[in-house]
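Just so you know, these numbers come straight off a predicted model, no measurement behind them. The chain is numbered in sequence order, starting from 1.
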Amino acid sequence: MLLKNVKPVSNSHSGSETVDIRIEEGVIKEIGADLKAGKSEETHDFGGAYVSPGWMDMHVHLREPGFEHKETIKTGCDAAAFGGFTAVACMPNTSPATHTRDVVEYIIKKAEKLPVDVHPIACVTKERKGKSIAEMADLKEGGAVAFSDDGDPVYDSQVMRVALEYSSMLGMPIINHEEDLALSRPGHMNEGKVATRLGLDGTPGIAEEVMIARDIMLAEYTGGHIHVAHISTKNAVDLVRQAKKKGINVTTEVCAHHFDLTDEEIEKQHFDTNFKMHPPLRTQEDVDAMVDGLVDGTIDAICTDHAPHAIEEKEVEFIYAPNGIIGLETAWSITNKRLLQTKKLDLQQLMDKLVYKPREILNLEIPELKEGAKANLTFFNTDEEWTFTSKNVRSKSKNSPYLNTKLQGRAVGIFNKGQLVLNELR
């Protein structure tokens with residue numbers, strides 16, 4: 001297969017040159033200018049699109065097993081491919097929860113023929129109940145890449161201490177949903193002026209920050225690796241920034257919507273439940289802090305927290321709707337708008353957040369864009385204008401705040417596991 005007219009972007013390519021890439025049996029055979037197609041060689045012209053090593057989203061919910069009415073591994077991977085991701089790490093709030101090796105192996109088996117690599121994140125505690133530690137070593141042997149009770153925090157400090165001690169022995173991160181439940185519930189949006197105007201119970205930023213502070217201290221004490229999931233407040237970023245300066249083993253991620261949208265959208269969009277998520281949308285000051293954290297390296301990775309919900313679950317009063325939105329298909333467009341077009345980060349710096357850091361955190365092999373490497377590639381542009389309609393949703397669910405929004409920049413395809421996926425708009 002010959003892929004024509006692409007601009008490589010990686011830690012060693014700036015995207016300034018246009019080349020062709022020849023792939024044979026899933027391996028990059030040749031990279032060069034004006035390569036000639038063989039007699040029966042399949043050829044695709046990308047017309048100057050960028051190509052990078054395949055992107056990874058380290059925080060998604062694929063819902064299978066147990067909640068296939070929201071999403072399946074197959075439809076979740078379809079959404080990932082449309083968004084430019086060749087790898088995802090999926091959270092364990094399934095049914096049964098991913099707290100035993102057989103569930104980990106089931107997920108891996110279901111995804112093995114799909115063009116997107118699926119890496120299961122297993123539970124920290126049995127059944128995600130926060131009481132007793134899951135069989136972490138066995139889960140690692142089965143293929144788990146990290147541990148989390150995501151959707152719920154590991155609330156008991158002693159349980160978290162033991163989990164971090166195990167994590168240091170196993171060389172794997174604990175990913176915590178940072179939420180002090182006594183402070184946060186029954187909040188339905190960010191606590192602040194907008195919530196007061198709307199008469200909604202709010203979740204204060206301190207609920208996130210208190211738990212992050214605890215986990216940082218426990219990570220320092222145990223030597224374990226704590227990864228802060230979906231960070232969302234200015235003070236939280238400051239806590240991680242100071243912890244990193246002290247050399248504590250802490251990493252973090254931010255969702256695209258948390259450096260784009262504010263809590264004011266709930267008022268503007270008249271209680272549209274597709275703007276309800278957890279952590280909730282925060283203030284403009286918090287949004288700006290997410291960008292600053294990405295720029296200075298405090299925030300390591302960009303993710304989506306892709307959380308599909310069926311239409312009937314979201315089409316209820318705001319206070320009764322579940323938290324969560326889909327995000328795989330729109331993440332690049334939002335990242336392009338907020339970080340690249342504003343010149344906060346350049347393409348190589350963005351690839352660090354999308355390609356390298358997620359895999360470094362999860363101790364996964366990082367794809368390379370060079371001859372002789374296994375072809376694991378994302379093709380994307382930064383200038384194409386398009387509208388994200390329900391027809392262009394590849395997820396099984398449609399709960400996105402960006403529906404019918406005009407966007408700029410799109411992932412036009414991926415190549416992984418010997419399969420080329422071209423993303424055509426519908």
Side-chain angles (χ1 to χ4, degrees), residues 1 3 6-11 13 15 21 23 25-28 31 44 46 49-62 71-91 107-108 110-121 143 145-146 253 256 301-306 326-333 335-336 347-348 350-370 372-381 394-395 409-424:
M1 182 180 296
L3 309 177
V6 290
K7 299 176 181 177
V9 182
S10 70
N11 54 12
H13 301 87
I21 299 176
I23 297 173
E25 297 182 348
V27 174
I28 298 174
I31 300 175
H44 297 274
F46 283 88
Y50 294 103
V51 61
S52 72
W55 301 345
M56 179 173 193
D57 186 343
M58 65 177 294
H59 190 144
V60 305
H61 299 267
L62 297 183
E71 191 80 285
T72 66
I73 292 169
K74 170 66 168 61
T75 59
C77 287
D78 288 345
F82 186 82
F85 296 96
T86 66
V88 296
C90 57
M91 287 295 175
I107 293 168
I108 293 171
K110 286 281 287 190
E112 65 182 359
K113 294 183 180 179
L114 300 176
V116 175
D117 300 317
V118 175
H119 301 282
I121 295 170
V145 297
E253 67 193 28
I302 293 170
C303 69
T304 67
D305 192 12
H306 178 83
I326 59 171
L328 284 163
E329 295 106 325
T330 54
W332 171 246
S333 297
T335 299
N336 178 49
L347 278 175
Q348 285 183 305
L350 286 174
M351 293 309 107
D352 190 53
K353 310 293 185 184
L354 290 166
V355 176
Y356 300 101
K357 283 297 192 297
R359 291 180 173 93
E360 288 174 7
I361 291 166
L362 299 175
N363 302 299
L364 296 170
E365 181 181 355
I366 298 172
E368 295 183 90
L369 187 46
K370 67 177 186 179
K374 192 180 298 182
N376 183 338
L377 306 169
T378 296
F379 306 93
F380 64 100
N381 60 48
R394 300 313 198 259
S395 170
R410 189 170 69 87
V412 295
I414 65 166
F415 188 99
N416 189 35
K417 293 197 277 191
Q419 301 175 62
L420 176 66
V421 179
L422 298 175
N423 296 328
E424 301 293 338

* Structure fact -> Output for pair (L369 CG, L377 CG), nearest 0.5 Å, gives 6.0 Å
* Could you give the distance from CE (M58) to CE (M91), rounded to the nearest 0.5 Å? -> 7.0 Å
* To do: Examine distances only and state if a side-chain atom of N423 and a backbone atom of A411 form a donor-acceptor pair shorter than 3.5 Å.
  => yes
* Asked: Checking H306 side chain against G327 main chain: does a donor-acceptor pair fall under 3.5 Å?
  -> yes
* **Within 6.0 Å of CD in E112, more than 12 heavy atoms from elsewhere** => yes
* Asked: Cut-off 3.5 Å, side chains only: do S333 and T330 have a donor facing an acceptor?
  -> no
* Which is it for V51 and L3 under the side chain to side chain contact (heavy atoms under 4.5 Å, CB included) test, yes or no, and what are the steps along the way? -> CA-CA 10 Å; V51 61; L3 309 177; over 6 Å; no
* **Nearest-0.5 Å distance that lies between atom CG in D57 and atom CD in E253** => 8.0 Å
* **Euclidean distance, M351 CE relative to I302 CD1, rounded to 0.5 Å** => 8.5 Å
* **S395 backbone acceptor or donor facing E329 side chain under 3.5 Å** => yes
* Asked: Do N376 side-chain atoms and P367 backbone N/O form a donor-acceptor pair below 3.5 Å?
  -> no
* To do: Over 60° means perpendicular and under 30° means parallel, so classify the ring planes of F46 and F379, tilted if in between.
  => parallel
* To do: Nearest 0.5 Å please: distance from the NE2 atom of H59 over to the CE atom of M56.
  => 12.0 Å
* Asked: Please walk me through it: do I366 and E360 pass side chain to side chain contact (heavy atoms under 4.5 Å, CB included)?
  -> CA-CA 8 Å; I366 298 172; E360 288 174 7; 3.7 Å; yes
* Just by modelled atom types, is the L347 backbone N or O under 3.5 Å from a matching donor or acceptor in the Y50 side chain? -> no
Considering only distance and modelled atom types, tabulate donor-acceptor pairs under 3.5 Å from the side chains of residues 113-121, sequence neighbours left out.
unit_1	atom_1	unit_2	atom_2	d
D117	OD1	N416	ND2	3.4
D117	OD2	N416	ND2	3.2

* Asked: Does any N or O in the side chain of T335 come within less than 3.5 Å of the main-chain N or O of A331, such that one atom is a donor and the other an acceptor?
  -> yes
* Asked: According to the interplanar angle, ranging from 0 to 90°, do the rings of W55 and F85 count as parallel (below 30°), tilted (30 to 60°) or perpendicular (above 60°)?
  -> perpendicular
* Asked: Can you tell which of L354, T86, V355, V412 makes a side-chain contact (heavy atoms from CB on, under 4.5 Å) with T378?
  -> T86
* With a cut-off of 6.0 Å (strictly less than), are more than 12 heavy atoms of other residues, nucleotides or ligands near NZ of K417? -> yes
* Asked: Between N381 (side chain) and R410 (backbone), is there a donor-acceptor pair under 3.5 Å?
  -> yes
* **Pair E368, S10: side-chain N/O donor-acceptor within cut-off below 3.5 Å** => no
* Asked: Do the side chain of Q348 and the main chain of H13 share a donor and acceptor less than 3.5 angstrom apart?
  -> yes
